Amino acid sequence: MFSFSRMTRALLVLGLSCAGLGHAMAASSPLPAIGMIASQQIRHIATYFPGRMAGSPAELIAAEYLNQQFSKFGYKSDLRGFDTRYLYTSNAGKQNWQNIHATSVIAARSGEVPQQIIVMAHFDTYVPQSDSDTNHNLGGLTLQGVDDNASGVGVMLELAERMQAIPTHYSLRFVALSAEETGAKGAEDFVNRMSAEEKKNTLLVINLDSLVTGDRLYFNSGMNTSVAVAKLTRVRALNIARSLGIPAESHAGTHCCNGIKALDDARLPLLNVTATNFALGKKDGEQQRAITRHFPLGTTRYQSQFDNLQYLDKALPGRIEKRSRDTVKVLFPLLKDLAKPAKHA
């Protein structure tokens, strides 16, 4: 569907990697204040990689950037390509399959044991899947996808960078998924490639999605996550947030796992972190905030005119930095403690 030369790709990757963040280049220097790495990464990804639709040139360049970032942090990181497709519907009702080759990024570091904790976020933006989508300016080449989901990727990168120098008992894996916006195909591909042993050894998957626009920060467990694991993860996250004065909630229901249902179906323990408002609309989390003049649909998802830095900075000043700080303040101590239990400290 998309094509461009290897030379063009190489030059773009080189240029964008050189435009990367300076703090990542000096591993020995002190890290910035909590949340600053995430907010800088969010702004960088949104600015340099708009329209990062699965299978597009921008998606592949963004994947290369993330791969380089994880490698700089000392993780073994690789690109993982996979073929998938989505159905496109014309105004006349005609439907055609669109085949694409998407690329996810998998970074890992071994601990003392093979059991692992996974931190995951999708980095692709919405692909228009109908003439109606295109006519309503949903998705496309100009969508920066700040909230959905540069925000989750930025927090994931900060967690990866902060964990790089901390020895852990359990292994760590950071996963940047593509093709989430084409029917959650990235999560399906990831689960399908896991061996039975890998699934058994996965203690927890922390998924980060859309952390900026929504009214409230939620920490939700998967439908098939045990009560014991939920107590160690979701309840613990809420307690950390409460102790820090960070507003956070939990919502129990069938809408815990949008985009990562394949992981829940595989009974992998989940902690899904997102910002929305389950009290509004159909109470399914799709409406992120109250409908206002600034947010006429109550959401910014897929809308290039709203899910961009300029608009969000004006409509929600300071929100990117605050949500980055709040989310990392909760998840960094949680991840650090889970990956290195007290008896191994």
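The structure displayed is predicted, hence computed values, not measured ones.
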Ring pair (Phe, Tyr, Trp, His ring centres under 6.0 Å) against Phe82, all qualifying residues, sequence neighbours excluded
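Ring pair (Phe, Tyr, Trp, His ring centres under 6.0 Å) list for Phe82, sorted by chain: empty.
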With sequence neighbours left out, write down each residue that passes side-chain hydrogen bond (donor to acceptor under 3.5 Å, both in side chains) with [X], or none if nothing qualifies.
{"X": "Gln303", "result": "none"}
{"X": "Ser71", "result": "none"}
{"X": "Ser221", "result": "Arg234"}

Quick one: name the residues clustered hydrophobically with [X], using the 4.5 Å side-chain heavy-atom rule over I, L, V, M, F, W, Y, and just say none if it's on its own.
{"X": "Val191", "result": "Ile106, Ile118, Met120, Val175, Leu177, Phe190, Met194, Val205, Ile260, Leu263, Leu268, Leu270"}
{"X": "Phe306", "result": "Ile42, Val146, Val212, Phe295, Leu309, Tyr311, Leu312, Leu316, Ile320"}
{"X": "Leu232", "result": "none"}

Can you name the residues that form a salt bridge (Lys or Arg N to Asp or Glu O under 4.0 Å) with Arg267, not counting sequence neighbours?
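Applying salt bridge (Lys or Arg N to Asp or Glu O under 4.0 Å) to Arg267 gives none.
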Could you work out, with salt bridge (Lys or Arg N to Asp or Glu O under 4.0 Å) as the rule, every residue matching Asp189, not counting sequence neighbours?
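By the salt bridge (Lys or Arg N to Asp or Glu O under 4.0 Å) rule, Asp189 matches Arg193.
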More than 12 heavy atoms from other groups under 6.0 Å of NZ on Lys199
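Check passes, neighbour count above 12.
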Kindly state each residue pair satisfying ring-ring contact (aromatic ring centres under 6.0 Å, His included) with at least one member in [range], sequence neighbours excluded.
{"range": "residues 133-155", "value": "none"}
{"range": "residues 197-255", "value": "Tyr218-Phe278, His251-Phe278"}
{"range": "residues 89-118", "value": "none"}

Does Arg43 come within less than 4.0 Å of Glu321, counting only side-chain N to carboxylate O?
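Looking at Glu321 together with Arg43, the answer is yes, because their closest N to O distance falls below 4.0 Å.
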